[in-house]
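Below: one structure, written as structure tokens.
A note on names: the letters A, B, ... follow the listed sequences, proteins ahead of strands, and every chain is numbered from 1. In this text the structure is predicted, and so the values were computed from the model without any measurement.
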Amino acid sequence: MVAGDTVLPVGERPRRVADLAAAVRELEARRPRWVWADTRDTYPGLLRAGVRVSRCHDVALTEALLLAREGRFGEPRSARAAHARLHGLPVPDDEPGAPDTLFPPESLGAEQMAEVLAGQLARIEALPEPGRFRLLAAAESAGALIAAEMSHDGMPWREDVHDALLTELLGPRPVHGMRPAKLQALAHEVSAAFGHPVNPDSVQQLVKAFKQAGVSLSSTRSWELKRVEHPAVAPLLAYKELARLFSFHGWTWADQWVRGGRFRPEYVVGGVVSGRWATSGGGALQIPKVMRRVVVADEGHTLVVADAAQLEPRVLAAMAGDVGLARAAGEIDLYSALAQAFGGDRDHAKIAMLSAMYGGTSGDAPKLLAIMRQRFPKAYQFVEDAAKAGEEGRLVRSWLGRTSPPPSSRWKELVSGPEGGRAARDRGRFTRNFVVQATAAEWALAMMAVLRGLLPEGAALVFFQHDEVMVHCGLDQAEEVGAAVASAAAQATRLLFGATPVRIPMEAVAVASYADAK
DNA sequence: AAAATGTGCGCC
DNA sequence: AAAGGGCGCACATTTT
């Protein structure tokens with residue numbers, strides 16, 4: 001079934017419809033998988049018309065995944081581009097979609113779309129693991145639906161609580177272009193400590209002022225400042241923290257992103273090469289923890305918040321098929337279960353795992369990695385192989401087949417030059433991490449897709465951050481939603497990895513305010 | 001004047 | 001406690 005300029009139920013004649021939202025609503029009763037060019041262009045309008053669909057195939061997202069899988073990273077991914085490639089025609093660049101139109105005029109007709117779909121399905125079938133890639137495309141497409149729905153529904157955001165918090169920390173809202181009182185006072189303190197005016201936002205001025213005071217700094221990063229004994233340090237650190245809050249999540253930000261008690265960020269599905277989501281506005285994935293108290297459930301409602309603890313090491317255990325690690329990953333606290341192998345020290349187990357996944361080399365890492373290599377050889381080898389592939393300029397893939405971008409042409413020059421070793425190691429750390437992070441991201445997508453289907457009427461996913469979800473629902477639904485989260489996590493693990501001793505538990509808590517979730 | 005780059009830090 | 005991988009964004013500064 002294709003939604004384009006026309007609606008085309010498979011096996012039936014395409015038909016033009018006057019009211020597309022109504023037609024989609026009617027056909028949705030058959031629970032089809034809607035195929036459309038780009039969820040971002042089509043779905044927001046349907047949502048505004050009060051129509052939701054349960055499944056879709058997003059041609060653009062699937063095309064991007066396939067192109068990368070075929071080693072053609074970065075080529076235009078639109079349905080039109082895919083159609084042009086099929087016919088050897090000039091391939092148009094991707095352009096921003098046409099918002100506020102249900103079906104953008106430049107999208108393909110139904111028959112052309114069917115052609116593109118058939119091509120994509122054939123390319124998937126030709127892969128060595130078509131089942132996995134089908135799951136990847138389905139999960140990515142479900143993500144697109146969820147992202148649009150979350151932007152539409154918004155996360156509860158109490159503007160009055162936000163204003164009170166800002167006022168408490170910064171002073172009253174200043175007139176445009178001015179610093180809030182407490183920020184201004186801290187700026188004065190910094191200048192006073194140096195004995196002359198210094199702009200605390202200027203790295204240059206700060207480094208110079210510290211140098212004149214006999215303190216040499218290579219940067220003004222807070223961890224470096226904390227080592228310095230100087231009266232300007234304390235007010236400067238306080239200034240930096242509050243200035244960030246003011247400019248990043250202050251009143252101006254709220255004016256732009258909060259409406260009617262809802263924060264509506266724009267999510268970019270697959271915006272990170274690893275398959276994690278990004279945001280193109282609103283900074284939804286970087287909300288400071290201090291702001292969480294502003295996220296409050298509506299009257300008579302609650303927020304069910306859940307995160308997948310220790311997701312990445314669990315995913316590694318499942319992927320690598322490492323029996324020892326998988327056994328530990330069957331426990332609630334993976335690191336405690338590993339501690340015995342690392343002299344009974346949970347922290348050592350954690351450092352070893354993180355160093356293996358991120359390529360850490362400092363501190364105790366080498367010693368602990370040697371233990372890991374001995375005790376969990378398959379898991380160790382799995383990430384080592386990924387790192388080696390990166391160092392040699394090869395591509396790596398996630399469990400379901402998301403493919404890392406190739407190294408840049410600059411990298412290839414660099415790697416044969418005098419600093420080549422460093423460039424190669426950097427690339428190795430990237431690919432080492434990619435296989436784990438990307439698989440964790442697709443587990444999270446699969447989990448959310450399942451969860452979305454399990455949620456009762458009236459419950460809505462309102463936030464997603466890498467391995468954490470938030471559902472806004474009625475107080476009396478909290479228990480059912482919590483059970484749905486646990487079930488979705490278990491189903492996602494089985495969907496990706498089949499029979500495995502690895503567990504990826506998600507424990508949900510129902511809270512009135514996000515701040516109470518941890 | 002506008003675009004590009006650098007810095008720093010929030011989140012996972 | 002940080003490390004170490006991934007981002008987005010604002011502000012300052014430099015380049016065009």
| said: Atom CD of residue position Glu224(A) - does it have more than 12 heavy atoms of other residues, nucleotides or ligands inside 6.0 Å? | reply: yes

| query | Is there any ring-ring contact (aromatic ring centres under 6.0 Å, His included) pair reaching into residues 199-249 of chain A, and which pairs are they, with sequence neighbours excluded? | reply | Phe194(A)-Phe210(A), Phe194(A)-His230(A), Phe210(A)-His230(A), His249(A)-Trp253(A)

| message | Taking side-chain hydrogen bond (donor to acceptor under 3.5 Å, both in side chains) as the definition, give me every residue that meets it alongside Arg221(A), ordered by chain and number, with sequence neighbours left out. | response | none

| query | Given axes from five pairs at either end, by how many degrees does the helix from dA1(B)-dT16(C) to dC12(B)-dG5(C) bend, rounded to 10°? | reply | 10°

| task | Look at the side chain of Arg293(A) and the backbone N and O of Lys289(A), then say whether any donor-acceptor pair between them is shorter than 3.5 Å. | result | no

| task | Keeping to residues at least two apart or across chains, list the ring-ring contact (aromatic ring centres under 6.0 Å, His included) pairs with something in residues 373-412 of chain A. | result | Trp399(A)-Phe497(A)

| task | Could you name each residue pair satisfying salt bridge (Lys or Arg N to Asp or Glu O under 4.0 Å) that touches residues 381-399 of chain A, not counting sequence neighbours? | result | Glu384(A)-Arg432(A), Lys388(A)-Glu392(A), Glu392(A)-Arg394(A)

| query | Between Arg132(A) (side chain) and Leu400(A) (backbone), is there a donor-acceptor pair under 3.5 Å? | reply | no

| said: If I compare all heavy atoms of Leu496(A) with all of Thr439(A), which pair ends up nearest, and what's the gap? | reply: CD2-O, 4.2 Å

| query | Contact class for Arg427(A) vs. all strands (heavy atom < 4.0 Å): base, sugar-phosphate, or nothing? | reply | nothing

| request: Name every residue in residues 379-405 of chain A that has at least one heavy atom under 4.0 Å from any atom of DNA chain B, in order of residue number, or write none if there are no such residues. | output: none

| said: Heavy atoms only, 4.0 Å cut-off, all strands: where does Ile351(A) land among base, sugar-phosphate and nothing? | reply: base

| Distance from Leu454(A) atom CG to Arg452(A) atom CZ, nearest 0.5 Å? | 11.5 Å

| field | Any pair counted as side chain to side chain donor-acceptor pair (under 3.5 Å), so long as it reaches residues 262-271 of chain A, sequence neighbours left out | value | Arg262(A)-Asp298(A), Glu266(A)-Ser280(A)

Distance-only donor-acceptor hits, side chain of residues 348-363 of chain A, under 3.5 Å, sequence neighbours excluded:
{"unit_1": "Ser355(A)", "atom_1": "OG", "unit_2": "Ile351(A)", "atom_2": "O", "d": "2.7"}
{"unit_1": "Tyr358(A)", "atom_1": "OH", "unit_2": "Glu312(A)", "atom_2": "OE1", "d": "3.0"}

| Between the side chains of Glu331(A) and Ser336(A), is a donor N or O closer than 3.5 angstrom to an acceptor N or O? | no

| task | State the OG-CE distance between Ser487(A) and Met506(A), to the nearest 0.5 angstrom. | result | 12.5 Å

| said: Within residues 212-235 of chain A, which residues have any heavy atom lying less than 4.0 Å from an atom of DNA chain C? | reply: none

| What is the distance from atom OG of Ser398(A) to atom CH2 of Trp443(A), rounded to the nearest 0.5 Å? | 15.5 Å

| query | What are the bounds, 5' to 3', of the part of DNA chain B that sits under 4.0 Å from heavy atoms of chain A? | reply | dT7(B) to dC12(B)

| said: Give me the atom names and distance for the closest heavy-atom approach of Gly143(A) to Leu445(A). | reply: CA-CD2, 3.9 Å

| said: Check Arg314(A) with Asp467(A), please: is the shortest side-chain N to carboxylate O separation under 4.0 Å? | reply: no

| query | When all nucleic acid strands are considered with a 4.0 Å heavy-atom cut-off, which category describes Leu354(A): base, sugar-phosphate, or nothing? | reply | base

| task | Please work out which residues in residues 361-376 of chain A have a non-hydrogen atom less than 4.0 Å from an atom of DNA chain B and list them by number. | result | none

| Would you say the side-chain atoms of Thr279(A) pair up with the backbone N or O of Gly282(A), donor to acceptor, closer than 3.5 Å? | no

| said: I'd like to know if the side chain of Gln310(A) pairs up with that of Asp333(A) as donor and acceptor (distance under 3.5 Å, no hydrogens or angles considered). | reply: yes

| task | Let me have a per-nucleotide readout for nucleotides 5-16 of chain C, 5' to 3', with B, S or -, counting only protein heavy atoms under 4.0 Å. | result | BBSBBSSSSS--

